[in-house]
Amino acid sequence: MTQGKELRVHPIRDGTVIDHINAGQAMNVLKILGITGSSSAVISVAMNVSSQDIKSKDIVKIEDRELKDKEVDKIALISPNATINIIRDFGVAGKHRVKLPEMVESMVKCANPNCISNTNEPVTSKFEVKKDPIRLRCIYCEHVITENIVEHLL
């Protein structure tokens, strides 16, 4: 009987680990962060990883980068249970769970083509955020986005 080999992702010296991402959302997290196949950053992605807390999760590790607040807010919209771990000198320097903002501004495009935020008027999009399940309600036209939120992110 042979023992199976365990794949291991090497630790990072400095950067960010985004853990507890909803299974299947890792690629959307990369999209939110503007990371494409041509990125020079070292990135590790683990998808559908089993966990004690949940059945399955994704993990994204990015070397030499800490996330901006707006990026964290966008991640919260698609994965409200994600955790952000700041890594410095191979150790966890900070860890926190993402928090759904009550309101998002200039982060989501309204799905209603007739909304004033989709015209040439100098109006930025604003959405009220509701939990369980996540719903985004436009404060101008009251259109509600409940599915495929990532497709509406700016």
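In this structure the side chain of Glu102 never reaches within 4.5 angstrom of the side chain of Val129, judged on heavy atoms. Contact check for Ile62 versus Ile18: side-chain heavy atoms found under the 4.5 Å cut-off. Taking 4.5 Å as the limit, every side-chain heavy atom of Asp58 sits out of range of all side-chain heavy atoms of Asn22. In this structure, the side chains of Arg137 and His143 stay at 4.5 Å or more apart for every pair of heavy atoms.
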(message) side-chain contact (heavy atoms from CB on, under 4.5 Å), that's the test. Do Leu153 and Lys74 meet it? Break it down for me.
(response) CA-CA 8 Å; Leu153 294 176; Lys74 287 181 180 182; 4.3 Å; yes

(message) Does Ser44 form a side-chain contact (heavy atoms from CB on, under 4.5 Å) with Glu63? I'd like the steps, not just the answer.
(response) CA-CA 9 Å; Ser44 301; Glu63 287 194 41; over 6 Å; no

(request) Please report the C-alpha distance between Arg65 and Glu71 in whole Å, then the side-chain angles of each, then the deciding distance to 0.1 Å, and finally whether the salt bridge (charged side-chain N to carboxylate O under 4.0 Å, His left out) criterion is met. (result) CA-CA 12 Å; Arg65 179 168 174 191; Glu71 293 171 326; 2.3 Å; yes

(request) Take Cys141 and Cys110 through the side-chain contact (heavy atoms from CB on, under 4.5 Å) test and state the conclusion after the steps. (result) CA-CA 9 Å; Cys141 70; Cys110 186; 3.6 Å; yes

(message) Walk me through whether Val17 and Ile87 qualify under side-chain contact (heavy atoms from CB on, under 4.5 Å).
(response) CA-CA 7 Å; Val17 176; Ile87 309 299; 3.9 Å; yes

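Linking ILVMFWY side-chain heavy atoms closer than 4.5 Å, directly or via other members, places Leu136 and Leu100 in a single hydrophobic cluster. Placement of Val45 and Val49 in two distinct hydrophobic clusters is found when ILVMFWY residues are connected by side-chain heavy-atom separations under 4.5 Å, directly or transitively. One hydrophobic cluster, built from ILVMFWY side chains closer than 4.5 Å, cannot hold both Leu30 and Ile59; they sit in different ones. When hydrophobic clusters are built by joining Ile, Leu, Val, Met, Phe, Trp and Tyr residues whose side-chain heavy atoms come closer than 4.5 Å, directly or via intermediates, Met47 is grouped together with Ile21.
Closest approach of His20 to Asn81, counting heavy atoms only: CB-O, 3.4 Å. Here the closest heavy-atom approach between residue Ala26 and residue Val60 is recorded as CB-CG2, 4.0 Å. A pairwise comparison of heavy atoms in Ser125 and Tyr140 identifies CA-CE1, 4.3 Å as the closest pair.
A salt bridge links Glu66 and Arg88; the closest N-O separation between the charged side-chain nitrogens and carboxylate oxygens is under 4.0 Å. A salt bridge is defined here as a Lys NZ or Arg NE, NH1 or NH2 lying under 4.0 Å from an Asp or Glu carboxylate O, and Arg135 with Glu147 fails to meet this definition.
Taking a 6.0 Å sphere around CE of Met27, one finds it holds 12 or fewer heavy atoms contributed by other residues, nucleotides or ligands.
With values rounded to the nearest 0.5 angstrom, Met107 atom CE is found 10.5 Å from Phe127 atom CZ. Put simply, CD1 on Ile43 and OG1 on Thr16 are 11.5 Å apart, with the number rounded to the nearest 0.5 Å. Going from atom CD1 of Ile78 over to atom CD of Glu151 covers 11.5 Å, rounded to the nearest 0.5 Å. Interatomic distance, SG of Cys138 versus CD of Glu128, reported as 11.0 Å (0.5 Å rounding). The CD1 atom of Ile12 sits 12.0 Å away from the CG atom of Asp89 when rounded to the nearest 0.5 Å.
Only one option out of Ile32, Asp73, Val29, Ile84 pairs with Leu67 in a side chain to side chain contact (heavy atoms under 4.5 Å, CB included); it is Ile84.
When only modelled atom types and interatomic distance are considered, Ser79 and Gln25 share no side-chain donor-acceptor pair under 3.5 Å.
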